[in-house]
Amino acid sequence: MTRLVAQQPAPADYYERNLDAVLAFVLSKRRSFFTDSELARLDGLARAPAGARRLLARLLTRKGRVFLTRSLRYSEVADLPGAVAELADLALVSPNHAVAADRLLNLCRKSELSTMWSAALAGMASRRKGELIDALCARYSDGALRRTMASEVSWLVVTGSALIERVEALFFGVGPVYREPWTSFVLQDLSELSVVKRPVSEQSSQFEGRLELDAYLDLRRRRRWLDVAFERPKVLQQWLRDSRDPHANRSLERGRSALLYSIGQRLERAGELRLALRAYRYSDDPGARERLVRVLHRCGRLNTCERLLAHMAEHGSTLAEQQFARRFPGRHPVGNSRVTSWQLAQPTPARIETFAAQQFRVNGALAWHTENLIPRLLFGLLYWPAIFAPVPGSFVHPFQLAPLDLNWPDFYRRRETLFSDARQNAQDSGSAWLLACWHKHHGLSNAFVPWSERVYALTVELAASMPMRQMLAIADHVAHNTREARSGFPDLTVIHGPGNIEFVEVKGPGDQLQPNQRVWLRVLDASNVPHRVLRLKAMSVAKRTARTGEAANTNARSSAQHA
DNA sequence: ACCAGTCACCCATAT
DNA sequence: CATGTTGTGG
DNA sequence: ATATGGGTGACTCCACAACAT
Ligand SMILES: [Mn+2]
Ligand SMILES: [Mn+2]
């Protein structure tokens with residue numbers, strides 16, 4: 001089979017094969033999420049001529065749902081009109097379909113607009129394309145604009161969006177909005193990684209059935225269209241009412257709480273404090289609870305505030321939430337972490353972590369800018385068998401890189417003996433075990449360990465210089481606090497010499513420790529993992545003026561102190 | 001990290 | 001005409 | 001002086017062509 005190579009034409013059947021794989025998956029494993037007529041359409045598509053499947057596969061990788069026909073020239077689709085006709089029969093596309101005129105006009109070149117509406121746009125040649133479109137839409141009806149356009153160009157609209165959205169969600173999961181789901185195939189195929197074939201649950205999906213999936217897609221849509229809804233108070237209030245009650249399904253419940261948190265933030269910013277409080281109160285998001293407390297405090301409702309803080313301090317779902325509840329409205333308590341200050345002898349560098357790492361290297365140390373890679377790496381390598389164990393319901397679609405329940409409260413408990421076994425193995429084997437884990441799992445795609453040369457070099461040095469006790473302290477914190485431990489780890493890994501490792505959080509002038517960073521520093525302190533905070537002090541104005549025109553001096557004078 | 005989330009930076013304000 | 005933005009494609 | 005906290009924007013794969021400015 002010919003491989004996919006970047007910048008070279010894909011094999012003729014590449015996109016078609018991808019579409020076929022998706023169809024085969026949903027038609028065999030996810031039938032209950034579709035109506036009979038939807039199943040008939042999917043079945044018809046799976047049996048359609050190659051040209052039709054090839055064209056649809058291409059359309060799905062592109063942005064939007066409306067395309068000019070002239071942009072659909074694909075060498076692997078020999079008979080374009082025939083392919084369009086097949087897809088139109090399945091109600092998946094519609095030629096010259098009536099869609100909003102501005103979307104159509106935007107597909108045309110600016111020069112084409114000027115030609116097609118030469119009279120109306122006379123004298124506007126220097127205006128922006130968007131202004132031309134606005135002018136046309138203001139002057140003519142959508143129908144009139146479409147008729148004029150249709151005399152010059154033809155277009156194709158993907159009308160099967162509802163069905164396609166459902167198929168995509170079941171196969172790819174619900175992905176980030178900035179990436180088209182179908183690029184997952186390309187990214188996998190371009191990398192050297194082998195794709196992991198983990199057993200995907202047969203009947204169990206993330207959702208019980210069609211209704212739950214619909215509810216989830218609806219939540220996603222609402223989050224995406226929040227800006228629009230915010231212009232219409234009635235819609236927003238309806239959304240608030242709809243979202244009042246918790247869901248039994250945890251994915252739905254998380255989506256509901258996230259939506260409420262977003263709504264609350266916007267309401268608060270707009271000064272609608274009463275409604276904002278309502279949104280925050282309905283939400284189960286720790287961030288929403290913090291906003292709730294802050295707004296109540298600002299409104300002078302101190303008793304309610306007190307009660308909430310007492311509850312959060314005891315039952316807060318993250319350590320950061322508990323720490324917040326214990327200090328608010330007071331300041332952060334001073335931590336135990338060692339603090340070192342460097343007086344800069346040059347203007348503050350643009351990338352302070354890179355600068356600090358270089359300084360450590362100048363002094364003979366090994367230094368990497370690693371951030372949250374360290375906890376991810378240690379957790380992923382040392383606890384791989386526990387993380388990827390075939391726990392029922394934890395792997396539900398083919399591109400999943402981590403178990404579905406990773407951030408659920410009982411993630412650890414459901415795998416307790418697996419974690420214990422892995423921990424015992426690590427303790428018995430010592431630091432070199434980390435490297436053994438690398439070789440054992442190398443190449444299998446996952447959410448925690450990037451199998452790059454750079455990370456391999458780091459792993460070698462960690463295995464040589466970091467005591468297993470320290471590795472496990474970090475990995476265990478992740479295992480017990482998966483959601484919270486994904487962020488806030490110090491910027492740099494520094495190995496000053498054999499066995500002399502420390503983690504360094506760099507702070508530029510005016511920057512400060514964030515709550516998630518304080519959580520990690522406390523964990524490192526409690527388990528005696530060497531670490532410190534490095535504050536870069538800005539060069540004084542006088543000095544900066546004096547050295548204008550001098551060559552950059554990268555020397556930094558250090559002065560240590562204890563906090 | 002299972003689906004937006006992390007991080008540094010800016011700036012006004014509080015202590 | 002040079003530069004920036006957007007979309008496509010592997 | 002330093003801490004706080006609200007807010008913003010870059011980044012998320014990379015190369016390149018077409019188009020807009
Ligand atoms: Mn950082
Ligand atoms: Mn930092």
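Naming: A, B, ... by sequence-line order, numbering from 1 per chain. Atoms considered below: every heavy atom in the structure, side chains included; atoms not considered: hydrogens, waters and symmetry mates.
- Nucleotides D:dA10 and C:dT6 are separated by 12 Å at their P atoms, to the nearest Å.
- Rounding to whole angstrom units, CD of residue A:Gln7 and C1' of D:dA15 are separated by 4 Å.
- Rounded to whole Å, the C1' atom of B:dC3 lies 23 Å from the corresponding atom of B:dA8.
- With salt bridges taken as basic N to acidic carboxylate O contacts below 4.0 Å, none links A:Glu180 and A:Lys63.
- Phosphate proximity of D:dA20 to A:Lys110: absent, as no side-chain N or O sits under 4.0 Å from OP1 or OP2.
- Between A:Phe328 and A:His297, the angle of the ring planes goes over 60°, which puts this pair in the perpendicular group of the 30/60° scheme.
- The interatomic distance linking A:Phe395 (CZ) with B:dC2 (C1') rounds to 10 Å, in whole Å.
- Rounded to whole Å, atom C1' of D:dC19 lies 14 Å from atom CZ of A:Arg128.
- Distances shorter than 4.0 Å separate none of the side-chain N or O atoms of A:Arg127 from OP1 or OP2 on D:dA20.
- A salt bridge does not link A:Arg256 to A:Asp284: none of the charged nitrogens lies less than 4.0 Å from a carboxylate oxygen.
- Following rounding to the nearest Å, A:Phe207 (CZ) and B:dC2 (P) show an atom-to-atom distance of 13 Å.
- Minimum atom distance to the side chain of A:Lys129 is reached by D:dT21, of the listed B:dC7, D:dT21, D:dT8.
- Dashed line: the shortest gap from a side-chain N or O of A:Ser251 to OP1 or OP2 of B:dC3 is under 4.0 Å.
- Counting to the nearest Å, the P atom of D:dC14 and the CD atom of A:Gln8 are 19 Å from each other.
- Checking B:dA14, B:dC2, C:dT8 against every side-chain atom of A:Arg62, the shortest atom distance belongs to C:dT8.
- At the phosphate of B:dC2, OP1 or OP2 sits under 4.0 Å from a side-chain N or O atom of A:Asn407.
- Summarising the geometry, the separation between CG on A:Leu132 and C1' on D:dC19 is reported as 15 Å, rounded to the nearest angstrom.
- Using P as the reference atom, C:dT5 and D:dT12 are 16 Å apart when rounded to the nearest Å.
- Paired with A:Phe448 under the rule ring pair (Phe, Tyr, Trp, His ring centres under 6.0 Å), one option of A:Phe379, A:Tyr383, A:Trp438 passes, and it is A:Phe379.
- Applying the 4.0 Å criterion to OP1 and OP2 of D:dG6, one finds that A:Arg291 has a side-chain N or O inside that range.
- Going from atom CZ of A:Arg486 over to atom C1' of B:dC7 covers 14 Å, rounded to whole Å.
- With B:dC2, D:dA18, D:dT4 as the choices, the nucleotide that has an atom nearest any side-chain atom of A:Arg518 turns out to be D:dT4.
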Salt bridge (Lys or Arg N to Asp or Glu O under 4.0 Å) between A:Arg109 and A:Glu112, intermediate numbers included = CA-CA 5 Å; A:Arg109 289 185 278 262; A:Glu112 293 174 319; 3.5 Å; yes
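- Comparing D:dG6 with C:dT8, their P atoms sit 40 Å apart, to the nearest whole Å.
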